[in-house]
Asker: 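I am attaching a structure below and will ask some questions about it afterwards.
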Protein chains: 2
Amino acid sequence: MQVMPYHHGNLREALIAAATQLAAEHGPDAVVLREAARRVGVSHNAAYRHFADRDALLRAVSARAMTEFGQLMATRIAGSATGHDKDAAAARFEASGRAYVEFATTHPGLFRMACAWSLGDVAPDAAVNHPYAQLSERLDELVSTGVITPARRQNAEIAAWSAVHGFAMLVLDGPLSVVPPDERERGLAEVLRVVREGI
Amino acid sequence: MQVMPYHHGNLREALIAAATQLAAEHGPDAVVLREAARRVGVSHNAAYRHFADRDALLRAVSARAMTEFGQLMATRIAGSATGHDKDAAAARFEASGRAYVEFATTHPGLFRMACAWSLGDVAPDAAVNHPYAQLSERLDELVSTGVITPARRQNAEIAAWSAVHGFAMLVLDGPLSVVPPDERERGLAEVLRVVREGI
DNA sequence: CGAGGAAGTTACCTGTGTCAACATGCAAGT
DNA sequence: ACTTGCATGTTGACACAGGTAACTTCCTCG
């Protein structure tokens with residue numbers, strides 16, 4: 001007969017894991033302190049020993065989601081092209097954009113957590129490879145390989161990020177959520193083309 | 001001494017107005033049935049005679065917000081250019097994009113309500129001039145005046161909408177919420193340029 | 001004029017976040 | 001070894017939200 005020890009041992013991590021699970025299942029609103037505690041098998045108020053309030057837990061989950069997000073993006077970029085020429089740089093750039101949308105569609109709950117900016121400053125996980133940083137690297141590559149001019153570098157993050165993030169939003173629960181996949185793909189391709197040619 | 005009549009007379013409208021006020025003040029999450037009823041001076045359960053549940057009220061507010069959104073956009077478009085030439089069409093197109101961001105920044109709560117797509121199908125107000133329809137008209141103009149080719153017309157809504165919507169999101173509570181206005185303006189200008197030249 | 005239904009009200013339920021007071025057990029200091 | 005202290009969990013309570021059920025008021029229409 002296994003009896004639970006009074007002290008959990010690593011409750012903070014367990015709560016973050018449970019809350020991340022909740023977020024992955026049904027989005028940020030589904031992250032409820034009491035349910036996370038329940039799943040960990042601990043009294044609801046135990047959470048307050050590790051998080052000032054619900055928002056603090058949400059911030060931790062957001063950091064976790066951001067880390068997963070960055071991992072997927074890094075994987076997709078690495079899997080796209082390895083050269084140092086124009087084509088490879090362009091391919092990696094496109095891969096980063098596609099990874100953004102892929103994460104949003106395959107992990108909608110976590111994506112929304114990662115983008116829950118209204119939570120305020122989120123202390124990033126130590127191992128995070130931030131998507132924004134990866135985008136910046138892609139853009140630097142585009143400049144260094146001569147795909148785009150240095151003059152265009154300045155606001156390129158904003159333009160690329162806006163377009164891809166907006167598309168992800170439209171797909172998530174927006175108007176594009178009800179269009180067939182092939183049409184959605186054409187939309188994404190067009191968004192990426194506009195960014196790459198306009199940038 | 002003015003005594004409240006037992007029957008309000010137009011409770012549905014009054015509740016929508018109060019709820020819209022709440023949304024305008026602090027966003028969708030601040031739209032709480034009981035508070036709306038309180039402001040109207042009616043018992044909280046009276047709302048259920050007019051709305052099946054909270055979401056139904058939110059849908060009504062969303063429709064209201066969308067109407068306001070469309071009005072601003074129409075105003076800005078009308079105020080930008082009136083001709084039928086390329087330049088005028090392009091100016092109106094840009095004005096529609098700027099109006100999108102203007103509404104998002106000046107009415108963040110209502111903007112979020114208008115974009116609360118997860119609410120499901122929202123019955124539009126009768127008088128609504130839907131932003132999406134106005135965008136389509138702008139794009140049709142760009143084609144008919146020869147600014148863009150008909151071949152590019154197909155997915156142009158998606159590209160334009162994605163870019164501008166994404167930018168609005170980044171500005172609302174995203175990373176761009178903390179950058180100075182002039183830098184924000186340069187970002188917006190770049191987004192609009194990329195769309196116009198890439199499309 | 002009086003029956004019936006629409007519109008509001010009161011009472012109550014569950015569930016959530018949060019605070020306060022109490023219980024437990026590990027670890028350090030004598 | 002014993003005790004004392006503090007981090008960690010627990011129980012209990014409160015306020016407030018959405019939602020259901022049963023009751024009341026009052027307008028409308030035959």
Side-chain angles (χ1 to χ4, degrees), chain A residues 1-62 109 112-113 116 118-120 122, chain B residues 1-62 109 112-113 116 118-120 122:
Chain A
M1 186 90 174
Q2 174 77 356
V3 58
M4 282 294 139
Y6 192 89
H7 288 288
H8 180 280
N10 199 357
L11 184 52
R12 182 185 168 86
E13 276 307 309
L15 283 172
I16 294 177
T20 302
Q21 184 73 25
L22 289 171
E25 287 165 4
H26 297 107
D29 287 348
V31 178
V32 46
L33 266 182
R34 289 169 111 104
E35 176 62 18
R38 235 170 278 147
R39 292 196 177 193
V40 174
V42 90
S43 141
H44 59 275
N45 266 340
Y48 287 94
R49 295 292 160 194
H50 302 274
F51 302 96
D53 52 17
R54 176 172 179 268
D55 270 15
L57 175 59
L58 287 192
R59 276 191 289 273
V61 174
S62 180
R112 269 187 265 261
M113 283 297 334
S118 58
L119 290 174
V122 172
Chain B
M1 184 92 176
Q2 174 77 356
V3 59
M4 282 293 140
Y6 191 89
H7 287 289
H8 180 281
N10 199 358
L11 183 53
R12 182 185 168 87
E13 275 308 309
L15 283 171
I16 294 178
T20 302
Q21 183 72 26
L22 289 171
E25 287 165 3
H26 298 105
D29 288 348
V31 178
V32 44
L33 265 182
R34 290 167 110 102
E35 176 61 20
R38 235 169 278 146
R39 292 196 178 192
V40 173
V42 89
S43 141
H44 62 275
N45 266 342
Y48 288 96
R49 293 290 160 194
H50 302 273
F51 302 97
D53 53 16
R54 176 173 179 267
D55 270 16
L57 175 58
L58 287 192
R59 276 191 289 274
V61 173
S62 180
R112 269 187 265 261
M113 282 298 333
S118 57
L119 291 174
V122 172

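Each chain gets a letter, A, B and so on, in the order its sequence line appears, and its residues count up from 1.
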Asker: Can a donor-acceptor pair be found, under 3.5 Å and without considering hydrogens, that links the side chain of A:Arg39 to the backbone of A:Ala19?
Answerer: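 Judged by distance alone, no pair lies under 3.5 Å.
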Asker: Atom NE2 in A:His50, atom CD1 in A:Ile16: separation rounded to 0.5 Å?
Answerer: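 A:His50 NE2 to A:Ile16 CD1: 10.0 Å, rounded to 0.5 Å.
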Asker: Which nucleotide wins on minimum distance to the side chain of B:Arg49, given the candidates D:dA22, D:dT8, D:dA13?
Answerer: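 My answer, after comparing the listed nucleotides, is D:dA22.
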Asker: What I want to check is whether an N or O donor and acceptor connect the side chain of A:Arg34 with the base of C:dT18 at under 3.5 Å.
Answerer: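 Answer is yes: a donor-acceptor pair is held.
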Asker: I'd like to know if B:Asp55 reaches the base of D:dG18 with its side chain, counting only an N/O donor and acceptor under 3.5 Å.
Answerer: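 Looking at the base of D:dG18, it does not pair with any donor or acceptor on the side chain of B:Asp55 (distance under 3.5 Å).
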Asker: By nearest nucleotide on DNA chain C, pick out whichever of B:His44 and B:Asn10 is the more 5' one.
Answerer: B:Asn10
Asker: Nearest to the side chain of B:Leu33 - D:dG9, D:dG18, C:dG17?
Answerer: D:dG18
Asker: Rounded to the nearest 0.5 Å, what separates atom CG in B:Asp55 from atom OG in B:Ser118?
Answerer: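 One finds 8.0 Å between CG of B:Asp55 and OG of B:Ser118.
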Asker: When you get a sec, tell me which of C:dG17, D:dG19, D:dA13 is the closest nucleotide to the side chain of B:Arg54?
Answerer: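 Among the listed nucleotides, the one closest to the side chain of B:Arg54 is D:dG19.
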Asker: Would you say A:Glu35 and A:Leu22 make side-chain contact, with heavy atoms under 4.5 Å?
Answerer: yes
Asker: Taking only side-chain N and O atoms of B:Tyr48, does any of them lie within less than 4.0 angstrom of OP1 or OP2 on D:dT20?
Answerer: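 So the side-chain polar atoms of B:Tyr48 never come under 4.0 Å of the phosphate oxygens OP1 or OP2 of D:dT20.
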Asker: For A:Leu15 and D:dT10, give me the distance from atom CG to atom P, rounded to whole Å.
Answerer: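 Spelled out: CG on A:Leu15 to P on D:dT10 is 11 Å.
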Asker: Answer with base, sugar-phosphate or nothing: what part of the nucleic acid does A:Arg12 contact at a heavy-atom distance below 4.0 Å?
Answerer: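 Nothing, no heavy atom under 4.0 Å.
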Asker: Once rounded to the nearest 0.5 Å, what's the spacing between atom CD of A:Gln21 and atom NE2 of A:His26?
Answerer: 10.5 Å
Asker: Taking the side chain of B:Leu11 as its heavy atoms from C-beta onward, which of D:dT11, C:dT18, C:dG8 lies nearest to it?
Answerer: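 Between D:dT11, C:dT18, C:dG8, the one nearest the side chain of B:Leu11 would be C:dG8.
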Asker: How long is the line joining CZ of B:Arg38 and P of C:dT9, in whole Å?
Answerer: 14 Å
Asker: What is the separation between atom CG on A:Leu57 and atom P on C:dT18, rounded to the nearest whole Å?
Answerer: 10 Å
Asker: If I take atom CG in residue A:Leu58 and atom P in nucleotide C:dG17, what distance separates them, rounded to the nearest angstrom?
Answerer: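 Those two atoms, CG and P, are 9 Å apart.
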Asker: Would you mind telling me which of D:dT11, C:dG8, C:dC22 lies closest to the side-chain atoms of A:Asn45?
Answerer: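 Taking heavy atoms from C-beta onward, the closest nucleotide is D:dT11.
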Asker: To the nearest Å, give me how far apart CG (A:Asp53) and P (C:dA20) are.
Answerer: 14 Å
Asker: Output yes when at least one side-chain N/O atom of A:His50 is less than 4.0 Å from OP1 or OP2 of D:dG9, else no.
Answerer: yes
